[in-house]
Amino acid sequence: MELRHLRYFVTVADEQNFTRAAERLNMAQPPLSRQIQQLEEELGVALIVKGARPVRLTEAGTFFHAHAQELLAKAADLKAMTRRVGAIERKLSIGFVASTLYGLLPEIVRRYREQYQEVEISFNELTTMEQLKALKDGRIDVGFGRLKFEDAAIRRIVLREEPLIVALPVGHRLAQAAGPLKMSDLMQDTLIVYPKAPRPSFADQVLATFRDRMLVPQQVLEVRELQIAIGLVGAGQGIAIVPDSLQGMIRTDVCYRPIDDRQAVSPIIFSARAMDRSQELVNMLAVIYAIYEERGIPHTAQEL
Ligand code: BEZ
């Protein structure tokens with residue numbers, strides 16, 4: 001049994017269809033079916049229910065699928081890590097969600113650059129879910145995101161839980177309200193959420209924050225990205241719930257108000273490949289925690 005057999009089987013199981021799987025694998029369907037047959041012969045058990053459309057896995061197939069996925073993730077991890085260990089130049093490729101750019105990310109990077117001038121840093125704006133794939137593919141080495149996804153191949157640390165705030169157009173009836181706003185005060189407004197795709201995303205985190213409080217926004221507008229959401233708030237199309245660091249995005253047509261709910265938070269999550277214990281990452285974490293300490297920002301080091 002070779003790694004390619006695992007890849008063939010996982011693709012068929014994911015697509016639930018031989019034709020689509022063959023297309024994804026850039027091969028014809030008959031050789032793909034033969035490879036799966038050979039795999040079943042070697043294992044001495046059926047992995048796929050004969051004749052089922054869409055493709056359905058047997059109990060043995062379901063077991064094999066879960067473990068094959070893990071092995072493939074480990075193989076990808078091993079490839080990326082071996083390249084990283086062997087690289088002569090020290091490099092650190094950072095994936096980040098856009099909102100972190102308005103908070104501490106620029107300062108963290110400036111500080112890291114000053115202290116570790118030999119490391120070449122590059123940046124990729126990616127959603128949390130895109131970071132997951134980019135880490136596995138070796139396109140980034142660290143991701144800063146906001147969703148608590150599950151994946152055995154990725155090490156995740158919650159750095160801190162950032163308060164959520166409300167972005168309002170300047171002339172809004174609540175813009176001048178004294179004190180923090182209640183989430184229930186926001187029900188009459190169109191709630192603008194981002195990003196629309198891929199899901200789950202920060203949009204789902206915001207919607208869950210309302211749902212957990214038994215609140216249903218009257219109207220929800222889903223937009224592609226943060227800058228569009230804030231632009232539409234400025235245009236008076238609605239309000240948006242955003243992380244506190246967004247106050248760093250100063251616009252004359254938008255104001256920000258705190259929320260009277262300490263549980264309304266969004267985590268900032270550090271993600272890296274599970275095997276990656278490189279000095280670059282150790283140093284990056286040290287820089288982040290030093291900045292939190294200096295600024296008195298409450299933080300955690302909770303490994304998920
Ligand atoms: C923060 O705001 O806490 C943060 C932003 C980017 C990377 C790490 C931490």
Side-chain angles (χ1 to χ4, degrees), residues 90-116 119-135 139-149 151 154-167 194-195 201-203 205-206 209 225-227 229-230 240-250 256-259 262-274 276-304:
R90 306 317 314 171
K91 288 188 179 167
L92 188 66
S93 179
I94 299 174
F96 61 94
V97 291
S99 60
T100 58
L101 260 192
Y102 298 97
L104 295 176
L105 185 59
E107 171 160 6
I108 289 166
V109 172
R110 263 198 312 275
R111 187 83 65 93
Y112 187 91
R113 273 221 172 94
E114 273 164 28
Q115 292 182 19
Y116 305 103
V119 182
E120 188 188 311
I121 300 179
S122 57
F123 296 95
N124 293 272
E125 197 234 309
L126 298 168
T127 66
T128 310
M129 299 318 281
E130 288 168 344
Q131 287 175 24
L132 178 70
K133 185 158 189 316
L135 280 167
R139 282 180 287 124
I140 62 169
D141 304 303
V142 56
F144 296 110
R146 292 193 176 272
L147 298 184
K148 294 183 178 174
F149 57 82
D151 197 307
I154 305 293
R155 175 164 72 118
R156 294 147 307 144
I157 302 172
V158 179
L159 298 173
R160 67 183 178 111
E161 297 279 1
E162 191 177 8
L164 290 172
I165 58 169
V166 191
Y194 67 89
S201 73
F202 181 69
Q205 211 170 69
V206 168
T209 306
E225 57 176 29
L226 166 63
Q227 286 79 1
I230 295 297
I241 304 290
V242 293
D244 184 51
S245 46
L246 250 282
Q247 299 205 51
M249 187 199 271
I250 297 162
Y256 301 97
R257 308 283 306 153
I259 297 178
R262 291 169 72 180
Q263 308 298 320
V265 290
S266 172
I268 298 186
I269 299 171
F270 166 103
S271 304
R273 284 178 290 276
D276 191 346
R277 302 289 154 153
S278 61
Q279 200 54 45
E280 284 82 8
L281 293 187
V282 173
N283 295 341
M284 173 56 79
L285 281 170
V287 166
I288 294 169
Y289 285 115
I291 292 175
Y292 288 162
E293 290 288 334
E294 280 167 28
R295 294 190 171 205
I297 296 174
H299 52 274
T300 68
Q302 185 200 351
E303 287 234 15
L304 292 174

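Atoms within each ligand, like the ligands themselves, are counted from 1 in listed order. Just so we're clear, the structure is a prediction, and the values are computed from it rather than from any experiment. Positions are given from 1 along the sequence.
Relative orientation of the His299 and Tyr289 rings is tilted, given thresholds of 30° and 60° on the angle between their planes. Classified by interplanar angle (parallel below 30°, tilted 30° to 60°, perpendicular above 60°), the ring pair Tyr112/Tyr116 is tilted.
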Please tabulate, one line per pair, the protein nitrogen or oxygen atoms found under 3.5 angstrom from a nitrogen or oxygen of ligand 1, with distances to 0.1 Å, or say none if there are no such pairs.
from: ligand 1; atom 1: 2 (O); to: Arg160; atom 2: NH2; distance (Å): 2.8
from: ligand 1; atom 1: 3 (O); to: Arg160; atom 2: NE; distance (Å): 2.7
from: ligand 1; atom 1: 3 (O); to: Arg160; atom 2: NH2; distance (Å): 3.4
from: ligand 1; atom 1: 3 (O); to: Tyr292; atom 2: OH; distance (Å): 2.4

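In the model, Ser266 has a side-chain atom that pairs as donor or acceptor with a side-chain atom of Gln205 under 3.5 Å. Judged purely by distance below 3.5 Å, without hydrogens or angles, the side chains of Glu280 and Asn283 never pair a donor atom with an acceptor atom.
With Asp141 as the fixed residue, the salt bridge (Lys or Arg N to Asp or Glu O under 4.0 Å) test singles out one of Arg90, Lys91, Arg155, Arg273: Arg273.
Counting non-hydrogen atoms of other residues, nucleotides and ligands closer than 6.0 Å to CD of Glu107 gives a total above 12.
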